[in-house]
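Fair warning: this is a prediction, and the values are worked out from it, not measured in the lab. Note that ligands are numbered from 1 as they come in the structure, with each ligand's atoms numbered from 1 the same way.
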Amino acid sequence: MDNQFKLLQERLLEELAKVKTMNELHETKALFLGKKSPIQELFARMKDLSIEEKKTLGQKVNWFKNYVEEAIAKKAEALEQAQIIAQLESEAIDVSLAGIAFSLGNKHPLTKMTEEIEDIFIGMGYAIAEGPEVELDLYNFEMLNLPKGHPAREMQDSFYIDGNTLLRTHTSPVQVRTLLAAKQQPVKIICPGKVYRRDYDDATHSHQFMQIEGLVVDRGITMSDLKGTLTVLMQKMFGSSLEVRFRPSFFPFTEPSVEVDVTCFKCKGHGCSLCKNGGWIEVLGAGMVHPQVLKMSGYDPNEFQGFAFGIGIERLTMLRYGIDDIRHFYTDDLRFLKQF
Ligand code: DAH
């Protein structure tokens, strides 16, 4: 009898080892505990046995029943576990998969140039001012000593919105706005921004371009402050061996006015195509703030003096990198833009 149980136990383990699904497990359970199972046969035979024999056999049958049930329960648990693992594996996201690479852009050459100039001026204690691109004729021209009908307005053909408003033709109106806001206090600002002129677009002209305006107004400001400041700016940008030259010029809002040249950085002053054999390159306009401009913004020219300058950012960037056409800046060609 004991031997019989041992064989049953071995068969059970063998069968369970083959089971792969819950259905198969149910079948195995029926095989060992169901109506036609050896256990039921043993039960059926019990009625012919003595009380003693019934007792011992009963205990064994019960033990075997429990054994089968436990083994089945354990297998059921193992099957469930395996199913969960299989599901997790099938639903897993492979985070190691290579993603889509985003290529990082770089700053536009005009932005780089602007930021570089800003840094130099911030280092000299300047604040950065801003003004609107749609500007009053009053600030763009009149309060810069360019009254209506003044012939010098011709130098800056303009886009008018109406009789009193236009797209600013230069960043100089920010001088007026800054002075009015400062209310007779000293000012020291630069103002980078876009400006507009009714120009035909060609290799060196664009209807929209960028400038950086500079303005210092205080007591005791002289032409040597202007020269020193602009020389420092140019040498920081193009190297300390560079020479700076100031030529008399005319702007209605400065007196005296100057045009600032630097030694040609391509030929070092010997003469080449870039400097048209002159050895010098014109980089910006500047001057001492006209007493009339100071007066119109509420400053007493006997007490306050100032200097101002206007830098063309495109022009400076073209000179620095040897760019031959201003339109490269605006056509968004990555082959051009990626070089900076
Ligand atoms: N606003 C002038 C222009 O666009 C440039 C300029 C010249 C600005 C002299 C100044 C200056 O502040 O002093 O042509």
Which protein heavy atom lies closest to atom 5 (C) of ligand 1, and at what distance to 0.1 Å? G310 CA, 4.0 Å
Looking only at protein heavy atoms, what sits closest to atom 12 (O) of ligand 1 is E213 OE2, 2.6 Å
May I ask you to check whether T169 has an N/O atom sitting below 3.5 Å from an N/O atom of ligand 1? no
Number the atoms of ligand 1 from 1 as they appear, then name those within less than 4.0 Å of a heavy atom of Q211, with their elements. 3 (C), 4 (O)
Quick check on contacts: which atoms of ligand 1 are under 4.0 angstrom from a heavy atom of A286? 9 (C), 11 (C), 13 (O)
Co-membership, hydrophobic cluster, residues M234 and W280, 4.5 Å side-chain: no
Between T254 and ligand 1, does any nitrogen or oxygen pair lie at a separation below 3.5 Å? no
Is a salt bridge present between R320 and E116, judged by a nitrogen-to-oxygen distance below 4.0 Å? yes
With heavy atoms and a 4.0 Å threshold, my read on which part of R197 contacts ligand 1 is side chain
Examine Y196 and L138 and state if one hydrophobic cluster contains both, with Ile, Leu, Val, Met, Phe, Trp and Tyr joined whenever side-chain heavy atoms are less than 4.5 Å apart. no
Using 4.0 Å as the upper bound for N to carboxylate O, is an ion pair formed by D137 and R153? yes
Salt bridge check: are R177 and E135 linked by an N-O gap of less than 4.0 Å? yes
Can you find a non-hydrogen atom of Q175 under 4.0 Å from ligand 1? yes
Is the closest basic N to carboxylate O distance between E282 and R247 below 4.0 Å? yes
Near Q156 (heavy-atom distance under 4.0 Å), the atoms of ligand 1 are 3 (C), 4 (O), 14 (O)
May I ask you to identify, for S172, whether its side chain, its backbone, both or neither come under 4.0 Å of ligand 1 on a heavy-atom basis? side chain
Taking C-beta and beyond as the side chain, do L136 and N140 meet within less than 4.5 Å on heavy atoms? no
Option of least heavy-atom distance to atom 2 (C) of ligand 1 (set: F253, F309, F250): F253
Counting only nitrogen or oxygen atoms and a 3.5 angstrom limit, does F251 reach ligand 1? no
Taking atom NE2 of H290 and atom CE of M296, what is their separation to the nearest 0.5 Å? 8.5 Å
Could you check whether K74 pairs with E77 (Lys NZ or Arg NE/NH1/NH2 to Asp/Glu carboxylate O, under 4.0 Å)? no
Quick one: which ligand 1 atoms are inside 4.0 Å of a heavy atom on G287? 13 (O)
